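Notes follow the structure.
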Amino acid sequence: MYNSKSPIAEEFICDSEVLKTIEYARANKNNYELLEQILNKAADYKGLTYQEAAVLLECDDEEYLNKMFALAEQIKEKIYGKRIVMFAPLYLSNYCINGCVYCPYHKKNCNIARKKLSQEEIVKEVVALQDMGHKRLALETGEDPVNNPIEYVLESIKTIYGVKHKNGSIRRVNVNIAATTVENYKKLKDAGIGTYILFQETYHKPTYESLHPTGPKHNYAYHTEAMDRAMQGGIDDVGIGVLFGLYEYEYDFVAILMHAKHLEDTFGVGPHTISVPRIRPADDVDVKEFPNAISDDKFKKIVAILRIAVPYTGIIISTRESQKSREEVLKVGVSQISGGSSTSVGGYVEKETENTAQFEVNDERSLDEIVNWLLSLGYIPSFCTACYRAGRTGDRFMRLAKTGQISNVCQPNALMTLKEYLEDYASPETKANGERVISEEVNNIPNAEVKRLVLEHLADLTKGQRDFRF
């Protein structure tokens with residue numbers, strides 16, 4: 001039986017409730033009166049139920065699709081403005097004991113070179129990332145209690161935060177590691193992580209179990225209930241996601257919104273981020289074996305409706321996607337993107353010399369090229385990590401976001417961190433474009449005192465001072 005507040009995975013992600021919701025949505029896909037009611041409700045920036053969002057997902061009327069895209073763009077502008085947060089993944093190890101059939105890290109893959117970074121190698125990787133201009137990382141490892149124990153992850157976080165190179169420093173480390181215990185989540189919290197991220201892959205239990213035939217990840221309930229344990233361990237910023245293409249997209253779309261509702265109903269705060277990766281080619285992985293892979297058009301529609309349904313949640317897209325695809329979904333909802341990424345272990349210091357990558361990168365541009373591209377599209381690339389460092393996490397962040405007050409700090413912080421990037425790392429063309437954007441956007445800061453301070457700090461940044469934030 002469905003119960004959004006239940007601690008049991010199969011009750012807060014209830015198969016019969018998901019199927020009933022999809023059936024309801026299909027029956028109402030051309031109910032234009034209902035569609036209008038849903039869109040009118042969404043225009044208040046308060047989100048939608050998973051049932052309402054499912055109705056939008058089933059609608060394929062071109063007029064209403066355009067209304068959805070326009071509303072998603074409007075909501076994103078209202079909540080996030082023109083800011084796009086930048087990050088990079090850092091792969092520590094590809095040792096793994098799981099049997100995930102869609103991932104080349106699976107235990108039986110003998111083609112891939114197994115590698116684990118030493119702390120000295122991590123320092124080199126971090127210096128390379130700092131030399132690009134990155135301030136925010138997402139740590140990635142395979143699941144292997146011998147090669148990648150929690151102690152290794154904790155030591156690596158300490159190492160990363162300790163690297164100060166020229167004007168560079170990593171100010172936020174997000175962590176994407178396997179489901180673990182409340183005790184270990186407490187250790188991650190104490191280590192100063194930002195967001196704990198874990199992808200469900202698919203919420204359809206039979207498919208989930210067939211895709212994870214061996215290893216601890218086979219346990220559907222333990223994996224699906226991980227965010228509850230993370231919250232219990234004190235981590236109040238969690239990031240969820242599915243790998244679209246593993247199962248029918250309608251099912252996973254409804255289920256991920258049910259997961260978001262469960263977190264909000266149980267802990268008072270929904271997911272800080274939702275990631276939307278799609279299945280990609282990789283060593284020992286043939287995407288032709290996954291008939292549920294989704295088209296670019298469906299992908300854009302999913303992102304737009306997620307933005308409408310959960311307006312205050314960050315939506316993340318990686319370099320799995322092409323430049324064209326990323327440009328389309330940036331318009332309708334994505335608020336965080338990776339840039340200059342490597343999915344190989346040690347890939348920032350030495351470009352792929354061994355086969356250690358998790359998936360093929362589709363957008364191979366440098367961070368500077370991506371920053372310049374974003375500027376040309378009218379966005380503000382942001383390297384801000386202020387909320388996490390100021391304690392604006394969990395329900396404190398959501399309260400500010402839902403009242404619109406978060407923009408009072410986000411816009412100034414985005415401009416100041418962009419200025420840092422321009423001073424320390426940008427090419428001449430990117431710097432010129434960035435200075436133009438800053439001079440235009442600083443005038444859009446509504447608070448006169450905040451604007452005065454931002455102008456003062458921008459001048460100080462030119463003189464060599466760093467790390468101003470509100």
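Remember, predicted model here, so these are calculated numbers, not experimental data. We count residues from 1, following the sequence as given.
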query: Okay, side chain of S318, backbone of R320: is any donor-acceptor separation there less than 3.5 Å?
result: yes
task: Give a yes or no on whether a salt bridge exists between E321 and R326, defined as a side-chain N under 4.0 angstrom from a carboxylate O.
output: no
query: Between T393 and D237, does a side chain to side chain donor-acceptor pair (under 3.5 Å) hold up when you go through it step by step?
result: CA-CA 6 Å; T393 61; D237 279 355; 4.9 Å; no
query: Taking H223 for the side chain and F199 for the main chain, is one N or O donor matched with an acceptor at less than 3.5 Å?
result: yes
task: Using the ring-ring contact (aromatic ring centres under 6.0 Å, His included) rule, take Y247 and Y251 through it: C-alpha gap first, then chi angles, then the decisive distance, then the call.
output: CA-CA 8 Å; Y247 189 62; Y251 191 102; 5.4 Å; yes
field: Residue pair D368 / T430, side-chain donor-acceptor N/O under 3.5 Å
entry: yes
query: Is NZ or CZ of K78 both nearer than 6.0 Å to the six-membered ring centre of Y45 and within 45° of the ring axis?
result: yes
message: Side chains of Y196 and H272: any donor to acceptor distance under 3.5 Å?
response: no
query: Which class fits the ring pair Y220 and Y208: parallel under 30°, tilted 30 to 60°, perpendicular over 60°?
result: perpendicular
- prompt: Between S427 and E429, do the side chains contain an N or O donor and an N or O acceptor separated by less than 3.5 Å?
  reply: no
message: What verdict does the salt bridge (charged side-chain N to carboxylate O under 4.0 Å, His left out) test give for D44 and K46, after you've listed the backbone C-alpha separation in whole Å, the side-chain angles of each residue and the deciding distance to 0.1 Å?
response: CA-CA 6 Å; D44 287 335; K46 295 204 172 120; 5.8 Å; no
message: Treating R26 as the side-chain partner and E58 as the backbone partner, does any N or O pair qualify as donor plus acceptor under 3.5 Å?
response: no
message: With a 4.0 Å cut-off on N to O distance, would you call R307 and E73 a salt bridge?
response: no
field: Closest approach of H106 to C100 (non-hydrogen atoms, all atoms of both residues)
entry: CB-O, 3.3 Å
- request: State, with a plain yes or no, whether a side-chain heavy atom of I380 is found less than 4.5 Å away from one of L415.
  value: yes
query: Going through the checks in order, is the side-chain contact (heavy atoms from CB on, under 4.5 Å) test met by L39 and L56?
result: CA-CA 9 Å; L39 291 174; L56 295 185; 4.0 Å; yes
message: side-chain contact (heavy atoms from CB on, under 4.5 Å) for Y50 and T21? Distances and angles first, verdict last.
response: CA-CA 8 Å; Y50 58 83; T21 299; 3.4 Å; yes
Closest heavy-atom pair and its distance - V101, S210: CG1-O, 4.5 Å
message: Is a donor from one side chain sitting under 3.5 angstrom from an acceptor on the other, for N292 and E248?
response: no
Y80 six-ring face occupied by K76 cation (under 6.0 Å, within 45°): no
field: side chain to side chain donor-acceptor pair (under 3.5 Å) between T195 and R172, worked out
entry: CA-CA 9 Å; T195 305; R172 178 172 178 135; 2.4 Å; yes
- prompt: Are E63 and K67 within salt-bridge range, i.e. N to O under 4.0 Å?
  reply: yes
field: Salt bridge present between D424 and K166 (N-O < 4.0 angstrom)
entry: no
Ring center gap for Y64 and Y32 short of 6.0 angstrom: yes
Steps toward side-chain contact (heavy atoms from CB on, under 4.5 Å) verdict (F468, L458): CA-CA 9 Å; F468 294 106; L458 290 171; over 6 Å; no
- request: Please examine the side chains of I197 and E140, heavy atoms only from C-beta on, and report whether any two atoms are closer than 4.5 Å.
  value: no
field: Salt bridge present between E77 and K82 (N-O < 4.0 angstrom)
entry: no
message: Side chains of E441 and N444 only: does a donor on one sit below 3.5 Å from an acceptor on the other?
response: yes
message: Looking at Y95 and G142, would you say the former's side chain and the latter's main chain have a donor-acceptor pair under 3.5 Å?
response: no
- prompt: Got a sec: does the NZ of K124 have more than 12 other heavy atoms crowding it under 6.0 Å?
  reply: no
- request: Please confirm whether the backbone N or O of A414 pairs with a side-chain atom of T417, one donor and one acceptor, at under 3.5 Å?
  value: yes
Test side chain to side chain donor-acceptor pair (under 3.5 Å) applied to S156 and Q119, step by step: CA-CA 7 Å; S156 300; Q119 297 305 307; 3.3 Å; yes
- prompt: Could K41 and E52 be called an ion pair, given the rule that one side-chain N must be under 4.0 Å from one carboxylate O?
  reply: yes
message: For a salt bridge (charged side-chain N to carboxylate O under 4.0 Å, His left out) check, start with the C-alpha distance between R171 and E420, then their side-chain angles and the critical distance, and finish with the verdict.
response: CA-CA 13 Å; R171 299 170 183 166; E420 273 193 86; 2.9 Å; yes
- request: Taking all heavy atoms of V269 and all of D236, pick out the closest pair and write down the distance.
  value: CG1-O, 4.2 Å
message: Could you tell me if the side chain of F299 sits less than 4.5 Å from the side chain of S325, heavy atoms only?
response: yes
- request: Answer with yes or no whether the side chains of H165 and D131 bring together a donor and an acceptor at under 3.5 Å.
  value: yes
message: Determine whether the aromatic ring centres of residues H134 and F87 are separated by less than 6.0 angstrom.
response: no
task: Check whether any side-chain heavy atom of L306 lies under 4.5 Å from a side-chain heavy atom of L257, and answer yes or no.
output: yes
- request: Check whether more than 12 heavy atoms from other residues, nucleotides or ligands sit under 6.0 Å from atom NZ of K158, and answer yes or no.
  value: no
- line: Distance col, row I308:CD1 vs I38:CD1, nearest 0.5 angstrom, shows 10.5 Å
- line: Exactly one candidate in K164, R389, K419 meets salt bridge (Lys or Arg N to Asp or Glu O under 4.0 Å) with D467; the answer is R389
Ion pair D296/K324, N-O distance below 4.0 Å: no
Row check, F69 ring normal vs K331 NZ/CZ: under 6.0 Å, within 45°: no
statement: Correct closest heavy-atom pair for V303 and I315 would be O-CD1, 4.0 Å
message: Cation-pi check for F383 against R136: NZ or CZ below 6.0 Å from the six-membered ring centre and within 45 degrees of the axis, yes or no?
response: no
message: For D252 versus E201, what's the shortest heavy-atom pair and its separation?
response: OD2-O, 4.2 Å
- request: Would you name the heavy atoms of P412 and I445 that are closest together and state the gap between them?
  value: CG-CD1, 4.3 Å
- prompt: Is the count of non-hydrogen atoms from other residues, nucleotides or ligands lying under 6.0 Å from K261 atom NZ greater than 12?
  reply: no
message: When you compare the side chain of L211 with that of T202, does any pair of heavy atoms fall below 4.5 Å?
response: yes
message: Taking the cut-offs as 6.0 angstrom to the six-membered ring centre and 45 degrees off its axis, would you call K116 and Y152 a cation-pi pair?
response: yes
- prompt: Can you find a side-chain donor-acceptor pair between T224 and Q200 that sits under 3.5 Å?
  reply: yes
message: Checking Y105 against E143 for the side chain to side chain donor-acceptor pair (under 3.5 Å) test, could you report, in this order, the C-alpha distance in whole Å, the side-chain angles of both residues, the deciding distance, and whether it holds?
response: CA-CA 9 Å; Y105 288 3; E143 183 172 9; over 6 Å; no
Min side-chain heavy-atom separation R466-E423 under 4.5 Å: yes
Steps toward side-chain contact (heavy atoms from CB on, under 4.5 Å) verdict (L137, I160): CA-CA 9 Å; L137 301 184; I160 292 165; 4.0 Å; yes
query: Sub-3.5 Å donor-acceptor pair from the side chain of N413 to the main-chain atoms of R469, do we have one?
result: no
